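All ligand and atom numbering here is 1-based and tracks the order in the structure. In this text the structure is predicted, and so the values were computed from the model without any measurement.
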Amino acid sequence: MDITPFIRRRRRVLNEIGSEGVAVLFAAPEQRRSNDTEFSFRQDSYFHYLTGFGEPQSVLLLDGATQKSILFCRDKDELGEIWNGFRYGPEAACEVFGFDEAYSNSEWLHHLSQAMLNKKSLYALWGLYPERDREVMGKWHAVQQSAGRRIQANTYAPDNLADLAAVLDPMRLIKDEYETALLKKAGEISALAHIRAMQKTRAGISELQIEAEILHEFMRHGARFPSYNSIIAGGKNACCLHYVDNKDILRDGDLLLIDAGAEYGLYAGDITRTFPVNGKFNAAQKEVYEIVLAANEAAIAAVKPNADWGDIHLIALKILVQGLIDCKLLRGTVDGNIESQAYQRFYMHGLGHWVGLDVHDVGKRWHNGKPLLLQPGMCSTVEPGLYIAAADDIPEAFRNIGIRIEDNVLVTADGCENYTVAAPKSVADIEAVMRG
Ligand code: GLY
Ligand code: MN
Ligand code: MN
């Protein structure tokens, strides 16, 4: 593993918190699944971003005064490793991951209390892990009290509990080259899985079988886990935005909406494709599909540096609303329906979100009440959709059509790069893949 990006990021944080700051952050907690069985461990995204170190029960301390990065991790343990696998131990972790110092994780609170002395600001990801907050706050109170008793000696403790996310989120928003390579690969693997799903789908099999095909393709390419629970939604299930039961039988004449993405090197892919179970769109399905596709393509074409995300949202929204009017699902004008928000009956989510270490990645989308202008290195989904639940006032042919088309795009110097372009999305391409 190339550790240079992690070292560079730690240096940048140390520089930002300055000589009067100290920062502490934690590995993700392990999660019990049942009795003595645990969920697979997934490192905390912030902790990974600054360390690349994948072990649980670890702590990172960044001391602005000494400009040192200090890791606390599990000790080597011969018997523990026979049962549960390799662990680095402080000495090897320090060497391999390029920390300035590393110690047993039993020592972190003691080092934190020392590092807090004569600092103005204590940075942490407050609220992320409340139990850790309590430990840090307990030590902070203790240090404040003992520093108070030593006022003569000019000893003081931080009086500013600062938000480390305010330092890290803007960094994570602009992806470096190391990250874009992983995001690209996550997008490519995710696209292969959607192609496989199109090839394997037929009436009479279950949504769960298609989920198995998706996971098979992810794993085959080195992505052990999906970046979120896969949505495999046939027919009316597509009108439930977060349908993850994946238990129904796929039916001839229905559409299948699949929202599934691979996590590769901890970076997320997030693709949605919608296609007919029997391989051929009917007239009403095609009509709605072409509207959503036009919105997806127009929005992606507008992604470039200094573009205003609010404008891109509006480009897609106008296409969707005009389409709904053309289908006679809405009455009146485009502007009137946008003003009244009547379209929200059929389109009730945003156009996209940042994607990175988290599938819904950190970073502001708005700044001072205005949408952020896109900058190279930002990576976003573009995912318009239309969801027409069955109701008495909906013509039969449109009932239970749920369509979303979602891609992952990186803002580049002169436009954008679509990492998920390999997943077919034109009617002709989808029908060809399903025939083939
Ligand atoms: N898969 C979650 C989303 O599209 O936001
Ligand atoms: Mn998605
Ligand atoms: Mn998404």
Under a 4.0 Å N-O cut-off, is there an ion pair linking K236 with D254?
-> no
Please confirm whether R9 makes a cation-pi placement over F6, using NZ or CZ under 6.0 Å from the six-membered ring centre and within 45° of the ring normal.
-> yes
Decide, yes or no, whether a salt bridge links R172 with D361 under the criterion of side-chain N to carboxylate O below 4.0 Å.
-> yes
Does NZ or CZ of R42 lie under 6.0 Å from the centre of the six-membered ring of F225, at an angle within 45° of the ring axis?
-> no
Here the vertex angle at the Mn ion (ligand 3) for NE2 of H353 and OE2 of E383, given to 10°, is 80°
D270 OD2 to E406 OE2 via the Mn ion (ligand 3), rounded to 10°, gives 80°
Can you tell me which residue and heavy atom of the protein come closest to atom 5 (O) of ligand 1, and the distance to 0.1 Å?
-> H360 NE2, 2.7 Å
Element-labelled atoms of ligand 1 that are located less than 4.0 Å from some non-hydrogen atom of D259 = 1 (N), 2 (C), 3 (C), 4 (O)
Number the atoms of ligand 1 from 1 as they appear, then name those within less than 4.0 Å of a heavy atom of H353, with their elements.
-> 3 (C), 4 (O), 5 (O)
Is the F281-Y289 ring centre distance short of 6.0 angstrom?
-> yes
Atoms in ligand 1 with a heavy atom of E406 nearer than 4.0 Å = 4 (O)
Taking the six-membered ring for Trp and the single ring otherwise, decide whether the centroids of Y387 and H349 are under 6.0 Å apart.
-> yes
Under 3.5 Å between some N or O of ligand 1 and some N or O of D270?
-> yes
